[in-house]
Amino acid sequence: MERYRADRIFDSFDDVIASSEINTVAIFTQRDLHGQMAIAALKAGKHVYSAVPMALKVEEINEIVRLVKKTGLTYMMGETGIYRPASIFCRKQYATGEMGQMVYAEAQYNHDMTRLYHVFQYTEGDKWKRMAGLPPLLYPTHSTSMVLSAAQAHAVKVSAFGFEDPFEPDIFSKGANYWDNPFSNSSMLLKLSNNAVVRISENRRIAWHFPETYISNFYCTKASYECSLVQHSYVKMDDRGQVDYTDVSDLLNPIALTPHKHEPDFLQKAVNGAWGNGEAPIQACSRLPREFDSLSTGHAGTHKFMVDDFCQAFVSGKLSPTNAWQAARYNLPGLIAHQCAMEGGKTVDIPDLGEPPSHLEVLSPDREVNEADYN
């Protein structure tokens with residue numbers, strides 16, 4: 001209460017959503033609780049900002065979309081991926097038509113769980129290993145959101161495989177966790193509605209630190225993007241087959257990182273996270289409220305944009321960029337893919353809940369100015 005100058009603390013979530021003083025809830029609980037808590041809040045008439053993932057069950061995702069459509073309440077999944085510099089760059093370049101037809105892309109979320117065991121121990125107590133064994137593909141949105149938002153497409157088919165972890169069977173094995181999940185790392189291959197193919201990898205036991213989440217490549221018929229650590233490359237090919245190369249690293253890397261790039265230990269520090277959390281030049285920071293200027297940020301400068309877009313959606317009546325329909329398209333592929341991996345990698349169709357109602361406008365995450373004020 002002292003730190004955040006809160007006027008009141010509620011004893012339970014049920015008390016929060018029953019209160020007439022509260023019109024909005026933000027959910028930052030354990031990942032398996034997001035879906036049921038969002039549903040309860042929407043049924044109670046509350047607007048909802050939810051941490052990722054949207055939900056871990058297909059039926060919960062279906063119900064959230066149904067309730068948002070029925071009630072008209074604001075729902076936003078707080079996904080960082082679409083605000084990351086590589087996602088912004090690929091989305092803008094592809095939208096111009098300059099890149100031609102999308103062919104193939106790759107994205108991944110490399111987050112070694114050994115660095116988070118203390119978090120699970122804090123939140124879960126003696127049962128922390130059962131929660132730490134969460135199937136990687138049930139938490140796919142950091143990867144899927146980047147590519148799918150850039151492609152302006154959704155996934156229609158999937159096949160997937162998992163790495164059966166031999167190192168920590170008390171966390172990743174049948175009976176060891178709530179999902180009987182043996183996989184610490186999983187990858188899925190998606191067929192998109194625009195005919196492109198996408199590889200998404202969710203890795204939880206891997207020797208990697210920063211960047212954790214990124215598009216490694218976005219290949220199209222006329223131009224392509226590639227990333228390796230902090231090197232961002234953009235290549236265009238003309239009608240004669242001549243290639244034009246542009247180094248777009250300074251545009252996409254955090255502003256604080258670029259001045260250090262000629263230092264002898266630059267890459268060593270960068271891979272350990274130095275200068276990694278600030279905003280990049282490509283991010284439209286000028287459209288953020290000035291009250292945000294002094295606040296810290298994280299995850300490649302994305303946090304302020306998520307907060308702003310939820311507030312903008314609430315004030316304007318428009319949909320947030322990660323509204324319920326879009327969040328479903330980012331989440332569902334992973335849920336279906338995990339079942340594919342558990343069944344040996346068979347290919348299956350991905351259910352699609354469609355587009356938002358046509359009368360509702362969706363805020364662009366790439367807009368340069370805000371379209372509503374904060375009076």
Classify the side-chain pair R115/H209 by whether it contains a donor and acceptor separated by less than 3.5 Å. yes
Does the side chain of E79 pick up a donor-acceptor pair with the side chain of Y330 at under 3.5 Å? no
We want to know whether S249 and D247 form a side-chain donor-acceptor pair, criterion being a heavy-atom distance below 3.5 angstrom. yes
With the side chain counted from C-beta on, respond yes when Y49 and F314 share a heavy-atom pair under 4.5 Å apart, and no when they do not. no
Inspect the surroundings of OH in Y122 and state if more than 12 heavy atoms from other residues, nucleotides or ligands are less than 6.0 Å away. no
Indicate yes or no for a side-chain donor-acceptor contact from D112 to the backbone of A207 under 3.5 Å, with no hydrogens or angles considered. no
So if you build clusters from Ile, Leu, Val, Met, Phe, Trp, Tyr with side-chain heavy-atom gaps below 4.5 Å, do Y75 and F13 land together? yes
Report the C-alpha separation of L335 and Q339 in whole Å, then their side-chain angles, then the decisive distance to 0.1 Å, and conclude whether the side chain to side chain contact (heavy atoms under 4.5 Å, CB included) test is met. CA-CA 7 Å; L335 272 59; Q339 291 304 313; over 6 Å; no
Say whether I39 and L56 are linked into one hydrophobic cluster, either directly or through other cluster members, by side-chain heavy-atom distances under 4.5 angstrom. yes
Atom NZ of residue position K69 - does it have more than 12 heavy atoms of other residues, nucleotides or ligands inside 6.0 Å? no
Just checking K92: does its NZ atom have more than 12 heavy atoms from other residues, nucleotides or ligands closer to it than 6.0 angstrom? yes
Apply side chain to side chain contact (heavy atoms under 4.5 Å, CB included) to the pair I82 and T322, showing each step before the final yes or no. CA-CA 9 Å; I82 68 167; T322 50; 3.8 Å; yes
Check ion pair K318-D309 (N to O, under 4.0 angstrom): no
Using modelled atom types only, decide if a donor and an acceptor are shared between the side chain of Q283 and the backbone of A280 within a distance under 3.5 Å. yes
Counting only heavy atoms not in Q268, do more than 12 fall under 6.0 Å of its CD? no
Given side chain to side chain contact (heavy atoms under 4.5 Å, CB included), test T141 with T144 step by step and report yes or no. CA-CA 5 Å; T141 61; T144 56; 4.2 Å; yes
Residues, nucleotides or ligands: over 12 heavy atoms within 6.0 Å of D126 CG: no
In this structure, would W179 and I171 fall into the same cluster of hydrophobic residues linked by side-chain contacts under 4.5 Å? yes
I need the minimum non-hydrogen distance between S19 and K46, along with the two atoms involved. O-NZ, 2.7 Å
Just how far is it from atom CZ of F305 to atom CZ of R287, taken to the nearest 0.5 Å? 5.5 Å
Taking all heavy atoms of A132 and all of M113, pick out the closest pair and write down the distance. O-CE, 4.3 Å
Can any side-chain N or O of R130 pair as donor or acceptor with the backbone N or O of G175 at less than 3.5 Å? yes
Determine whether I255 and P281 make a side-chain contact, defined as any pair of heavy atoms from C-beta on separated by less than 4.5 Å. yes
Which label fits Y117 and W128: parallel for a plane angle under 30°, tilted from 30 to 60°, or perpendicular past 60°? tilted
May I ask you to say whether D366 pairs ionically with R91, meaning some side-chain N is under 4.0 Å from a carboxylate O? yes
Any heavy-atom pair between the side chains of W208 and N203 that's under 4.5 Å? no
Spacing of CD belonging to Q93 relative to CD belonging to E98, to within rounding of 0.5 Å: 5.0 Å
With the side chain counted from C-beta on, respond yes when F120 and K127 share a heavy-atom pair under 4.5 Å apart, and no when they do not. no
Do you know which two heavy atoms are closest between G81 and S145, and how far apart they sit? CA-OG, 3.4 Å
Could you check if a side-chain atom of L257 sits within less than 4.5 angstrom of a side-chain atom of V230, using non-hydrogen atoms only? yes
Pairwise side-chain contact, R199 with Q108, heavy-atom cut-off 4.5 Å (strictly under): yes
NE2 on H34 to CE on M77, rounded to 0.5 Å: 11.0 Å
For the pair T246 (side chain) and V248 (backbone), establish whether a donor and an acceptor sit closer than 3.5 Å, ignoring hydrogens and angles. no
Just verifying a value: how many Å separate H299 NE2 and M306 CE, rounded to the nearest 0.5 Å? 8.0 Å
Hey, can you tell me if Y234 and F89 have their rings parallel, tilted or perpendicular (30° and 60° cut-offs)? perpendicular
Would you find a donor on one side and an acceptor on the other, under 3.5 Å apart, between the side chain of K304 and the backbone of F292? yes
Measure from the side-chain N and O atoms of D308 to the backbone N and O of L288, and report whether any donor-acceptor pair falls under 3.5 Å. no
Which residues pass the ring-ring contact (aromatic ring centres under 6.0 Å, His included) test with F163, sequence neighbours left out? none
Backbone N/O of G273 and side chain of K269: donor-acceptor pair under 3.5 Å: no
I17 side, atom CD1; I22 side, atom CD1 - distance, nearest 0.5 Å: 11.5 Å
Does any N or O in the side chain of S228 come within less than 3.5 Å of the main-chain N or O of Q231, such that one atom is a donor and the other an acceptor? no
Quick one: are F172 and N181 in side-chain contact, heavy atoms under 4.5 Å? yes
Which heavy atom in M54 sits nearest to a heavy atom in A324, and how many Å separate them? CE-O, 3.5 Å
Calculate, to the nearest 0.5 Å, the distance between atoms CG and OH belonging to N194 and Y94 respectively. 5.0 Å
Shared hydrophobic cluster, Y178 / L116 (ILVMFWY, side-chain heavy atoms < 4.5 Å): yes
With the 4.5 Å side-chain cut-off for hydrophobic clustering, are L360 and I64 part of the same group? yes
Could you list all the salt bridge (Lys or Arg N to Asp or Glu O under 4.0 Å) pairs where at least one residue sits in residues 163-179, not counting sequence neighbours? K129-D170, D165-R205, E168-R205, K174-D180
Scan the side chains in residues 151-161 for donor-acceptor partners under 3.5 Å anywhere in the protein, sequence neighbours excluded, and list what turns up.
from, atom 1, to, atom 2, distance (Å)
Q152, NE2, S149, O, 2.5
H154, ND1, S193, OG, 3.4
K157, NZ, D349, OD1, 2.6
S159, OG, G345, O, 2.5

Side chains of E202 and I200: closer than 4.5 Å at any heavy-atom pair? yes
As a quick check of understanding, evaluate side chain to side chain contact (heavy atoms under 4.5 Å, CB included) for E226 and Y219, giving each step before the final call. CA-CA 8 Å; E226 285 189 351; Y219 295 134; 2.4 Å; yes
Search all heavy atoms of A313 against all heavy atoms of L319 and return the closest pair with its distance. CB-C, 4.2 Å
Does the H338 side chain pair with the main chain of L138, one donor and one acceptor, at a distance under 3.5 Å? no
Tightest non-hydrogen contact, residues Y225 and A86, listed as OH-CB, 3.4 Å
